[in-house]
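Structure, as structure tokens:
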Number of protein chains: 2
Amino acid sequence: MNDFDLGDFLPYQLAVLSERVSRDFAQHYRSRFGISRAEWRIIAHLSQANEVSVRDIHLRAELEKSKVSRAAARLEAAGYVTKTANAQDRRLVSLALTDKGRALMDEMAPIADAFQQRAMAQLGDDAAAFLAGMRALLHDPGETRDD
Amino acid sequence: MNDFDLGDFLPYQLAVLSERVSRDFAQHYRSRFGISRAEWRIIAHLSQANEVSVRDIHLRAELEKSKVSRAAARLEAAGYVTKTANAQDRRLVSLALTDKGRALMDEMAPIADAFQQRAMAQLGDDAAAFLAGMRALLHDPGETRDD
DNA sequence: GATCTATCGTTGCAATTGCAACGATGTCAA
DNA sequence: TTGACATCGTTGCAATTGCAACGATAGATC
């Protein structure tokens, strides 16, 4: 016998919570806008910065680079994103939102904000500490290998 | 333009954190014990309760029921788990750890505990509030559909 | 400049996945 | 009892995924 307690085990609880939250949120855009989770994540990412490479998203969004590559290809085909060779380093592909992509993001932003509001309400007094904890876990070195 | 901020957006940050944490932790059991994430989750789940159905795990661990079914079949083939028809309701399959399964869990528990310890240390003062927040998000009704 | 090594994004391919059936079982009302 | 309907776990199948190449480019060393 051992004293392991699943109820407090971070990787497990985090995975359950994350999956549930992402699934719930995906209901708001999946069928309505016809984009997948990875595609949403890329669009959201691009809305925050001007020029982003596949690698940037791969590392920051914790998405397989092949997944990013294929999702970006789909988004380009749908007219939401442009892919251009980076002038400084021609190995890099610069991803950027088109006008259509920005319009999509503008339409999704209020939905995301509303969702966020509800989550914050659920957190109540713990909200600030929860976000602080998440940042601590995200930005601390930990033992994450970076490729 | 909109005011959406990805840096605080819960579904996104939670997904990134969860993926990173689960991947890091998986390094400790994946190659060593030859089990997948889903398989680990099922074993951990079974270690906490005597008799569990596929459906129980599907709902509580937020895993597709087909994923649970297949992972359970692999675990049975590997000798870690038994599958028996529930006597009260013969539609249900009761999953339970074998001695070999319990031995495996006893071997993994200290590893999990050590990982948990390190995560708690990273959280520092925010630890209690973070766990409380996680519970709030997990157990509140939210808008989760249950199938 | 030539060579060696590292990095980037894409792609082939096998493995995994999600979803929609399906058969088996249970429930409930007529 | 029967019939209609719901639930459980499995499985077929198409789609997605992860991983390991690969070509192209960059950087470093000589």
Side-chain angles (χ1 to χ4, degrees), chain A residues 15-16 18-20 22-24 26-27 30-31 34-42 45-46 51-78 81-96 145-147, chain B residues 15-16 18-20 22-24 26-27 30-31 34-42 45-46 51-78 81-96 145-147:
Chain A
V16 170
S18 167
E19 173 60 26
R20 198 169 290 173
S22 281
R23 181 160 51 54
D24 284 350
Q27 286 193 296
R30 188 178 173 170
S31 59
I35 60 176
S36 70
R37 282 191 208 177
E39 285 158 17
W40 149 256
R41 287 215 231 169
I42 291 176
H45 218 280
L46 294 180
E51 229 183 318
V52 179
S53 71
V54 170
R55 177 171 190 274
D56 289 333
I57 299 183
H58 160 56
L59 289 179
R60 290 201 227 158
E62 213 66 52
L63 289 171
E64 267 300 311
K65 62 181 182 173
S66 58
K67 207 171 179 179
V68 177
S69 174
R70 291 192 254 242
R74 284 195 300 270
L75 288 172
E76 187 189 31
V81 158
T82 56
K83 291 168 56 180
T84 56
N86 181 304
Q88 281 73 45
D89 184 339
R90 305 221 333 277
R91 292 172 302 179
L92 301 181
V93 169
S94 287
L95 302 174
R145 59 192 161 93
D146 54 6
D147 207 10
Chain B
V16 171
S18 165
E19 172 60 26
R20 198 169 291 173
S22 280
R23 181 161 51 54
D24 284 351
Q27 286 193 297
R30 188 180 173 169
S31 58
I35 60 176
S36 69
R37 282 191 208 179
E39 285 158 18
W40 149 256
R41 287 216 233 169
I42 290 176
H45 218 281
L46 293 181
E51 231 184 317
V52 180
S53 70
V54 170
R55 177 171 190 274
D56 289 333
I57 298 182
H58 159 56
L59 290 178
R60 291 200 226 157
E62 214 66 53
L63 289 170
E64 267 299 313
K65 61 181 183 173
S66 58
K67 208 171 178 178
V68 177
S69 174
R70 290 192 254 241
R74 284 194 300 271
L75 289 172
E76 186 188 31
V81 159
T82 56
K83 290 168 58 179
T84 56
N86 182 304
Q88 280 73 47
D89 184 339
R90 306 219 336 275
R91 291 171 304 179
L92 301 181
V93 169
S94 287
L95 302 175
R145 60 194 159 90
D146 53 7
D147 205 9

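Lettering follows sequence order; numbering is per chain, from 1.
Between Glu62(B) and Lys67(B) there is no salt bridge, since no side-chain nitrogen of the basic residue lies less than 4.0 Å from a carboxylate oxygen of the acidic one.
Across all their heavy atoms, Ala15(A) and Ser18(B) have their closest contact at CA-OG, 3.3 Å.
Put simply, Ser53(A) has a side-chain N or O that comes within less than 4.0 Å of OP1 or OP2 on dG9(C). Checking the phosphate oxygens (OP1, OP2) of dT10(D), a side-chain nitrogen or oxygen of Ser69(B) falls inside 4.0 Å. In terms of phosphate contacts, Arg91(B) brings no side-chain nitrogen or oxygen within less than 4.0 Å of OP1 or OP2 of dG9(D). Look at Lys65(A) and you won't find any side-chain N or O under 4.0 angstrom from OP1 or OP2 of dG9(C).
Distance from the side chain of Arg55(A) is smallest to dT7(C) among dT7(C), dG18(D), dG9(D). The side chain of Lys67(B) has dT17(C) as its nearest neighbour among dG18(D), dT17(C), dT10(C). Residue Glu64(B) has its side chain nearest to dG18(C) when only dG18(C), dG9(D), dA6(D) are considered. When the nucleotides dC19(D), dT25(C), dT10(D) are ranked by their closest atom to the side chain of Arg30(B), dC19(D) comes out on top.
Between the CG atom of Leu63(A) and the P atom of dC8(C) there is a distance of 16 Å, given to the nearest Å. One atom, CD1 of Ile57(B), and another, C1' of dG9(D), lie 12 Å apart when rounded to the nearest Å. Arg74(A) places its CZ atom 13 Å from the P atom of dT11(C), with the value rounded to the nearest Å. Protein atom CZ of Arg37(B) is 10 Å distant from nucleotide atom P of dT17(C), rounded to whole Å. As rounded to whole Å, 9 Å separates atom C1' of dA24(D) from atom CZ of Arg90(A). As a whole-Å value, the separation of Leu92(B) CG from dG23(C) P is 20 Å. One interatomic measurement links the two molecules: NE2 of His58(B) to P of dC8(D), which rounds to 9 Å at whole-angstrom precision. Remark: P of dT17(C) and CD of Glu62(B) are 16 Å apart, rounded to the nearest angstrom.
Toward the 5′ end of DNA chain C lies the nearest nucleotide of Asp89(A), the other residue of the pair Gln88(B) and Asp89(A) mapping further downstream. Heavy-atom nearest nucleotides on DNA chain D were determined for Asp56(B) and for Arg70(B), and the one closer to the 5' end corresponds to Asp56(B).
Put simply, the side chain of Arg41(A) gets close to the backbone of Ala61(A): a donor and an acceptor are under 3.5 Å apart.
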Legend entry - Derivation and outcome, side chain to side chain contact (heavy atoms under 4.5 Å, CB included), residues Leu95(A) and Lys83(A): CA-CA 5 Å; Leu95(A) 302 174; Lys83(A) 291 168 56 180; 3.3 Å; yes

Inset, instruction - Could you give me the CA-CA distance, side-chain angles and deciding distance for Glu39(B) and Arg30(B), then say whether salt bridge (charged side-chain N to carboxylate O under 4.0 Å, His left out) is met? - result: CA-CA 10 Å; Glu39(B) 285 158 18; Arg30(B) 188 180 173 169; over 6 Å; no

